[in-house]
Amino acid sequence: MQETSTPTVAPISSGRWVLYISILFLGIIVVWSAILFVLTFFMDRSITHLESEVARVNHEIEVASQNKDIVTAKIIQENSLRPTIDLKNIVTNFRLAAIDANVRFDGFSISKDTISTMLISTEPSGEHPDPVSTIIAMMNKYSSTEQKFRLWKITSISGDSTERKTSIELKLVQTLNK
Amino acid sequence: MSNQINRIYVPVILALGLIWAIFVLRPAYTSYIDTDTKKVDLTTKQNDMQKNLDALISLQTSINSSGSSEIAEKVRKLNQGWDEAKIMTAIMLSDYTKWNDIVPPSISISTISIDKGKKLPSGLSFGSITLTLSSDSIDNVVDFLTYLTSSSSYIFTLDTIQLPITAPAQKETQWVTLPIELGVYYYE
């Protein structure tokens, strides 16, 4: 009976392994360096392109920024101009408010968003003959329902049972426009 | 023999690798990181600048557009600058204040005084105008002041005003003479 002999691979000595690993280590470092150099090279080229783009855009911004219209428009956008009042609309609502409350307003002084005026009442409201009842009815109405103006608190009233007077302040509600 | 060769080459290769890593790979890596950071910064800067430029172009388009946008109207009014003649024309030669053939104006201005004012921190300037006007109707005064602050060729402001208005409106004609203070925005 003939014995079958399996071919044996000569074992690599440990010294040779160390040599291979060292060469592999050196190879990896060299290849890695080469890759980094190549990547850096292409990035440098793209940076050069980006720098020229930035310079171009910067130049265009400078040119546009020197345009007087643009400068003014930017100021308007970045700052709010002092609000101006729609006087006609306010005066109309002011007059309607007097008719609605059955009182008289004498004088019209507006500052910021508040109207100051003298409220005069000569007509009583309801059964009570004192016209102060009309002022009180107006106070109740303004405190309970939304009106064109907000009536500032009335804390004093003068006069007699034929005519009652008080200084009032009416605050504008959404009537200021820019 | 082979082991003797390995003993010579392995330290040499390792030393060479170490030297390469220190003097070639490390600077290459540092350079790569620096370049990458620079590229990211530049890209961000370019994007921001492009946005600014696009905003400016859009602004310019809205100003130059044929339709009269609100901002274009304000720019046109502000860019007239401080011109006494134009300001006086806007106030004194308006439809309310100028004579039409033989019809007297609804508003008569007896005195006008204009002051260039000062430059505001925003870059705009703010002047002041004091005038004394007369009219046979307070409603004409209200209409005139509403016109000045909304439709005239300058941006006039009217923050504080006192008018002899009664409500309900009096029917009879009432001649009124009033001092008025206006503000005016301009750019120069």
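In what follows, every chain begins at residue 1, and chains take the letters A, B, ... in the order their sequences are listed. Keep in mind the model is a prediction, meaning the values are calculated, not measured.
Atoms CD and CE, on A/Glu53 and B/Met49 in that order, are 10.5 Å from each other to the nearest 0.5 Å. In this structure, CG on B/Asp143 lies 9.0 Å from CG on A/Leu87, to the nearest 0.5 angstrom. Taking CG of A/Asp69 as the start and CZ of B/Arg76 as the end, the distance is 11.0 Å to the nearest 0.5 Å. Taking OH of B/Tyr32 as the reference point, atom CD1 of A/Ile35 lies at 10.5 Å (rounded to 0.5 Å). Atom CD of residue B/Gln60 and atom CG of residue A/Asn67 lie 5.0 Å apart, to the nearest 0.5 angstrom. Atom CG of residue B/Leu53 and atom CZ of residue A/Arg56 lie 7.5 Å apart, to the nearest 0.5 angstrom.
Your options are B/Pro164, B/Pro11, B/Ser31, B/Ala55, and the one with the most heavy-atom pairs under 4.5 Å with chain A is B/Ser31. Considering only heavy-atom pairs separated by less than 4.5 Å from chain A, the leading option among B/Asp34, B/Asp139, B/Ile138 is B/Asp139. The most heavy-atom pairs under 4.5 Å with chain A, out of B/Leu18, B/Asp36, B/Leu145, come from B/Asp36.
Using a 4.5 Å cut-off between heavy atoms, A/Ile70 contacts chain B through both its backbone and its side chain. Contact annotation for A/Val30: both backbone and side-chain heavy atoms come within less than 4.5 Å of a heavy atom of chain B. For B/Ile155, the part lying near chain A is the side chain, with the backbone staying farther off; criterion is any non-hydrogen pair under 4.5 Å. Contacts between B/Phe126 and chain A at a heavy-atom distance below 4.5 Å involve the side chain alone, from C-beta outward. At a 4.5 Å heavy-atom cutoff, the contact between A/Asn79 and chain B is made by side-chain atoms alone. For A/Val54, the parts lying near chain B are the backbone and the side chain together; criterion is any non-hydrogen pair under 4.5 Å. In this structure, chain A has heavy atoms under 4.5 Å from both the backbone and the side chain of B/Asn79. Heavy atoms of A/Asn58 lying under 4.5 Å from chain B belong to its backbone as well as its side chain.
Scanning both residues, A/Ala73 and B/Ile63, for their nearest heavy atoms gives CB-CD1, 3.5 Å. Among all heavy-atom pairs drawn from B/Leu56 and A/Ser65, the shortest one is CD1-OG, 4.0 Å. The heavy-atom pair separating A/Ser22 from B/Ile13 by the smallest distance is O-CG2, 3.3 Å. Pairing each heavy atom of B/Val10 with each of A/Leu19, the nearest pair is CG2-CA, 3.5 Å. Of all heavy-atom pairs spanning B/Thr166 and A/Asp106, the tightest one is CG2-OD1, 3.3 Å. Across all non-hydrogen atoms, the minimal contact from B/Leu42 to A/Leu50 is CB-CD1, 4.0 Å.
By the neighbour-count criterion of 12 heavy atoms within 6.0 Å, atom CZ of A/Phe25 is densely surrounded, having more than that number from other residues, nucleotides or ligands. Enclosure of atom CD in B/Glu188 by more than 12 non-hydrogen atoms of other residues, nucleotides or ligands within 6.0 angstrom is indicated. Heavy-atom contacts from other residues, nucleotides or ligands closer than 6.0 Å to CZ of A/Arg95 number more than 12. Within a 6.0 Å sphere centred on NZ of B/Lys119, heavy atoms belonging to other residues, nucleotides or ligands number more than 12. By the 6.0 Å contact criterion, CH2 on A/Trp32 is open, its count of non-hydrogen atoms from other residues, nucleotides or ligands being 12 or less.
By the criterion of side-chain heavy atoms lying less than 4.5 angstrom apart, applied directly or through intervening Ile, Leu, Val, Met, Phe, Trp or Tyr residues, A/Val31 is not grouped with A/Ile28; the two fall into different hydrophobic clusters. By the rule that hydrophobic residues join a cluster once side-chain heavy atoms approach within less than 4.5 Å of another member, B/Ile57 and A/Ile75 end up as members of one cluster. A/Val103 and A/Ile120 fall into different hydrophobic clusters, defined by Ile, Leu, Val, Met, Phe, Trp and Tyr side-chain heavy atoms under 4.5 Å apart, directly or through other members. Linking Ile, Leu, Val, Met, Phe, Trp and Tyr whenever their side-chain heavy atoms come within less than 4.5 Å puts A/Ile76 and B/Leu120 in one cluster. Taking hydrophobic clusters as Ile, Leu, Val, Met, Phe, Trp and Tyr residues chained together by side-chain heavy-atom distances below 4.5 Å, A/Met118 does not share a cluster with A/Ile168.
Checking side-chain atoms of B/Thr146 against main-chain N and O of A/Lys88 turns up a donor-acceptor pair under 3.5 Å.
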Salt bridge (Lys or Arg N to Asp or Glu O under 4.0 Å), that's the test. Do B/Lys38 and A/Glu51 meet it? Break it down for me.
CA-CA 10 Å; B/Lys38 192 177 174 185; A/Glu51 280 174 340; 3.6 Å; yes
Test side-chain contact (heavy atoms from CB on, under 4.5 Å) on B/Ile165 and A/Phe94 and set out the steps.
CA-CA 10 Å; B/Ile165 291 176; A/Phe94 175 73; 3.9 Å; yes
Candidate pair B/Lys39 and A/Ser46, rule side-chain contact (heavy atoms from CB on, under 4.5 Å), full reasoning:
CA-CA 8 Å; B/Lys39 188 185 172 188; A/Ser46 109; 3.2 Å; yes
